[in-house]
Amino acid sequence: MSLKAIMETVLVVGATGNIGVSAVTAALRSKRNVLAIVRNKNSADKLVKYTGSSKGITFAEADVLSDSGVKCVVDQVRAGNPGFPACVFQRISPPPNYATTLTSPSKPTSVSSSNLEDPTPSDISFAVAYRDTIGYLLEQKNPASTWTICTGSQGDLATHPVPAMTQGALFPLTTAAARENESTNVRFNEIYLGYRVEVDEIAVQHGTKSSDFGNVYELILANSEVRSSRVRVDNLDDLKKLKYQKKF
């Protein structure tokens with residue numbers, strides 16, 4: 001099925017991180033709306049600064065690492081509540097550089113997630129986000145549903161121990177989720193990033209722009225054949241054409 005962006009809404013958790021900004025940018029560029037989960041108004045203002053406008057973005061406050069933060073927002077979406085009251089709960093660990101997106105026509109039906117170099121339990125945050133969103137996606141039975149996580153090559157290279165441990169822990173989780181959803185309406189994929197991505201104003205000095213990396217998300221959303229796969233991004237050419245292979 002062709003994935004057309006007909007009034008789709010993308011839920012992005014951790015939207016102010018380097019990869020989160022990429023996901024937001026990609027959604028807006030592909031004519032989708034965004035529901036961005038942020039910690040507070042300062043975080044919301046930060047995202048507006050990075051994207052250049054608040055047009056098309058709705059903000060919901062929540063702690064993505066609490067046991068109920070993401071679930072609270074998803075429950076509000078399920079109930080059709082346009083107000084999105086704050087869903088802030090006691091934090092169980094420091095916030096990682098992490099992002100999750102949930103997209104669909106009229107109601108959210110797809111998800112993507114990312115992990116970079118922060119020394120935080122990204123495997124926990126990924127598991128919580130996956131647990132609290134996958135059920136909703138399956139309920140919708142929308143064939144355009146996707147769940148995409150961004151991991152990093154440090155999980156294999158281990159030249160920097162801390163990010164190697166956090167990124168490496170994600171590999172079995174992504175494979176399990178990809179296998180679990182191979183025959184469902186949810187296309188689960190992993191983006192395997194081989195270099196650093198930063199928000200545009202910082203990347204001007206060094207690194208790849210988050211706005212450029214966002215093209216990878218757009219390509220995954222647009223290609224229904226990419227399923228249960230690892231999408232490798234090793235160089236700038238991989239931002240223009242997807243390089244992917246089934247995970248099992």
Side-chain angles (χ1 to χ4, degrees), residues 1-13 19-20 22-27 29-32 70 74 98-115 122-123 125-153 155-156 167-194 213-234 237-248:
M1 177 178 177
S2 176
L3 304 186
K4 294 184 179 180
I6 305 175
M7 298 302 292
E8 288 190 353
T9 297
V10 181
L11 171 63
V12 183
V13 182
I19 304 302
S22 296
V24 171
T25 301
R29 246 179 359 216
S30 58
K31 309 304 180 185
R32 292 167 169 87
V70 175
V74 174
Y98 164 87
T100 300
T101 66
L102 185 68
T103 72
S104 82
S106 73
K107 285 189 176 182
T109 59
S110 308
V111 177
S112 83
S113 159
S114 68
N115 166 280
S122 54
D123 53 333
S125 60
F126 163 75
V128 170
Y130 179 76
R131 178 200 68 187
D132 292 342
T133 56
I134 191 62
Y136 178 80
L137 300 185
L138 294 173
E139 288 171 15
Q140 299 305 302
K141 300 184 186 315
N142 191 311
S145 299
T146 66
W147 216 117
T148 306
I149 182 170
C150 182
T151 65
S153 60
D156 287 323
Q167 292 177 11
L170 293 174
F171 295 157
L173 291 172
T174 61
T175 301
R179 191 183 300 278
E180 180 179 70
N181 290 287
E182 185 177 19
S183 299
T184 72
N185 62 296
V186 182
R187 292 190 296 114
F188 188 100
N189 294 291
E190 172 199 2
I191 300 175
Y192 182 85
L193 182 58
F213 182 64
N215 191 52
V216 177
Y217 283 100
E218 292 183 75
L219 291 172
I220 291 175
L221 287 172
N223 190 342
S224 60
E225 294 183 0
V226 185
R227 169 183 285 273
S228 299
S229 297
R230 168 176 280 187
V231 179
R232 294 190 64 102
V233 181
D234 298 313
D237 289 339
D238 297 332
L239 301 179
K240 304 172 184 176
K241 183 178 180 180
L242 293 182
K243 182 171 61 180
Y244 64 95
Q245 183 175 12
K246 292 277 284 189
K247 290 181 64 65
F248 50 84

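Atom set for the values below is all heavy atoms of this structure, side chains included, hydrogens, waters and symmetry mates excluded.
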Atom of [X], atom of [Y] and distance for their closest heavy-atom approach:
X: Leu193; Y: Phe213; answer: CD1-CE1, 3.7 Å
X: Val12; Y: Gly20; answer: CG1-O, 4.0 Å
X: Gly194; Y: Ser153; answer: CA-OG, 3.6 Å
X: Ala26; Y: Gly214; answer: CB-O, 3.2 Å

In chain order, what residues pass the side-chain contact (heavy atoms from CB on, under 4.5 Å) check against [X], with sequence neighbours excluded?
X: Asp238; answer: Val233, Asp234, Asn235, Lys243
X: Leu219; answer: Asn215, Leu242
X: Glu180; answer: Tyr130
X: Arg230; answer: Asp156, Phe171, Glu190, Tyr192, Arg232, Lys247

Straight-line distance of [X] [atom1] to [Y] [atom2], nearest 0.5 Å:
X: Thr184; Y: Leu137; atom1: OG1; atom2: CG; value: 8.5 Å
X: Tyr136; Y: Leu11; atom1: OH; atom2: CG; value: 10.0 Å
X: Ile134; Y: Glu139; atom1: CD1; atom2: CD; value: 10.5 Å
X: Ser30; Y: Tyr217; atom1: OG; atom2: OH; value: 13.0 Å

Task: Between Ser145 and Asn142: side-chain donor-acceptor atoms closer than 3.5 Å - done: no
Task: Asn189 side-chain N/O to Trp147 backbone N/O, donor-acceptor pair under 3.5 Å - done: no
Open item on the list: Under a 3.5 Å distance rule, please check whether Ser229 uses its side chain to pair with a backbone N or O of Arg227 as donor and acceptor.
Closed with: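 Answer holds: yes.
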TODO: Would you mind listing every salt bridge (charged side-chain N to carboxylate O under 4.0 Å, His left out) that reaches into residues 213-226, with sequence neighbours excluded?
DONE: Arg29-Glu218
TODO: For the residue pair Ile191 and Thr151, establish whether any side-chain heavy-atom pair is separated by less than 4.5 Å.
DONE: no
Task: Check: Phe188 and Ile149 side chains under 4.5 Å, non-hydrogen atoms - done: yes
- [ ] Could you pull out all residues at least two apart from Arg179 that satisfy salt bridge (charged side-chain N to carboxylate O under 4.0 Å, His left out)?
- [x] none
Open item on the list: Between Arg187 and Glu182, does any side-chain N to carboxylate O distance fall below 4.0 Å?
Closed with: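 Not counted as a salt bridge, because no side-chain N and carboxylate O are separated by less than 4.0 Å.
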